[in-house]
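A quick write-up on the structure given underneath.
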Amino acid sequence: GSRYCHRFAFMPLGGGAGTKQLHEPLAAQLAINRARESPKPVERGVLQVMSRRIEGGYQLDAYLPAAALTGFDPAEHPRLGFHYLVTDRELGEQTFAVSTAFPSDDDPSLWGTLEMVK
């Protein structure tokens with residue numbers, strides 16, 4: 001990974017050690033293991049997340065603005081490497097590109113590609 005590679009976590013619950021925060025959604029920037037460089041830290045409040053319970057589970061909405069991505073310029077580079085992992089204790093795991101048998105958390109070459117369009 002380079003300074004342009006980012007790893008984020010968005011969770012429906014678990015935003016802190018206090019009783020109230022434990023029931024709040026969480027958005028956080030995480031390090032990519034073995035990265036050559038790290039991106040600049042995302043300022044507090046830039047990442048946003050909302051969650052709500054629905055029948056059979058929950059809905060999670062995450063907002064990741066361009067300001068959270070080091071060096072991102074959609075006009076110059078309209079493609080982004082992208083990968084996600086959804087982990088559910090009851091339903092298991094779902095990924096975007098490759099399964100968890102591959103080290104996709106650490107290796108951006110395993111990520112899929114998103115093309116930004118106007």
Side-chain angles (χ1 to χ4, degrees):
S2 73
R3 66 180 173 185
Y4 302 110
C5 298
H6 300 74
R7 183 177 175 204
F8 301 103
F10 299 97
M11 297 185 288
L13 299 173
T19 304
K20 181 180 178 189
Q21 287 85 14
L22 283 174
H23 300 288
E24 296 294 321
L26 171 69
Q29 182 177 16
L30 305 174
I32 296 177
N33 297 328
R34 300 182 313 206
R36 288 178 285 153
E37 297 177 75
S38 296
K40 67 179 184 180
V42 176
E43 293 182 25
R44 186 174 179 84
V46 170
L47 301 175
Q48 297 178 29
V49 63
M50 295 182 345
S51 69
R52 68 181 179 100
R53 289 182 177 254
I54 60 173
E55 185 177 329
Y58 60 87
Q59 178 178 330
L60 181 79
D61 296 311
Y63 176 65
L64 182 68
L69 303 175
T70 301
F72 178 59
D73 179 357
E76 189 173 327
H77 301 286
R79 292 189 173 100
L80 289 175
F82 181 78
H83 182 71
Y84 71 74
L85 166 63
V86 176
T87 303
D88 184 281
R89 286 184 238 175
E90 295 175 10
L91 300 175
E93 297 177 329
Q94 176 185 334
T95 61
F96 177 70
V98 297
S99 75
T100 56
F102 294 90
S104 56
D105 286 352
D106 301 339
D107 187 352
S109 71
L110 297 171
W111 299 352
T113 302
L114 299 180
E115 185 169 346
M116 305 290 113
V117 294
K118 291 182 182 183

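From a predicted model like this one, the values you see are computed outputs, not experimental measurements.
- Of all the heavy atoms in W111 and S104, the pair that sits closest is NE1-O, 2.8 Å.
- Closest of all the heavy-atom pairs between P108 and C5 is CG-SG, 3.7 Å.
- For Y4, the OH atom counts as loosely surrounded, since its 6.0 Å shell holds 12 or fewer non-hydrogen atoms of other residues, nucleotides or ligands.
- Residue V49 is not grouped with residue L13 when hydrophobic side chains (ILVMFWY) are merged at heavy-atom distances under 4.5 angstrom, including chains of intermediate members.
- For the pair Y84 and Q94, the minimum side-chain heavy-atom distance is below 4.5 Å.
- In the hydrophobic cluster analysis, where Ile, Leu, Val, Met, Phe, Trp and Tyr join through side-chain heavy atoms closer than 4.5 angstrom, L26 is grouped apart from L85.
- Contact annotation: the side chain of F8 approaches that of V42 to within less than 4.5 Å [non-hydrogen atoms, C-beta and beyond].
- Annotation: the span from H83 atom NE2 to D107 atom CG amounts to 10.5 Å, rounded to 0.5 Å.
- Residues Q29 and H6 share a closest heavy-atom pair of NE2-CD2, 4.1 Å.
- Hydrophobic cluster membership differs between F10 and M50, with clusters built from Ile, Leu, Val, Met, Phe, Trp and Tyr side chains linked at under 4.5 angstrom.
- Closest non-hydrogen pair, S38 versus R3, comes out as O-CB, 3.7 Å.
- Nearest approach of L47 to A28, heavy atoms of both residues: CD1-C, 3.9 Å.
- Remark: the backbone N or O of S2 is not paired with any side-chain donor or acceptor of R36 at under 3.5 angstrom.
- Checked against F102 for a side-chain contact (heavy atoms from CB on, under 4.5 Å), the options V98, T100, D105 give a single hit: V98.
- Looking at heavy atoms from C-beta onward, M116 lies in side-chain contact with L80 at the 4.5 angstrom threshold.
- Remark: E43 CD is loosely packed, at most 12 non-hydrogen atoms of other residues, nucleotides or ligands lying under 6.0 Å away.
- The heavy-atom pair separating F82 from F96 by the smallest distance is O-CD2, 3.5 Å.
- Separation of atoms CG (L60) and CD1 (I54) is listed at 10.5 Å; rounding is to 0.5 Å.
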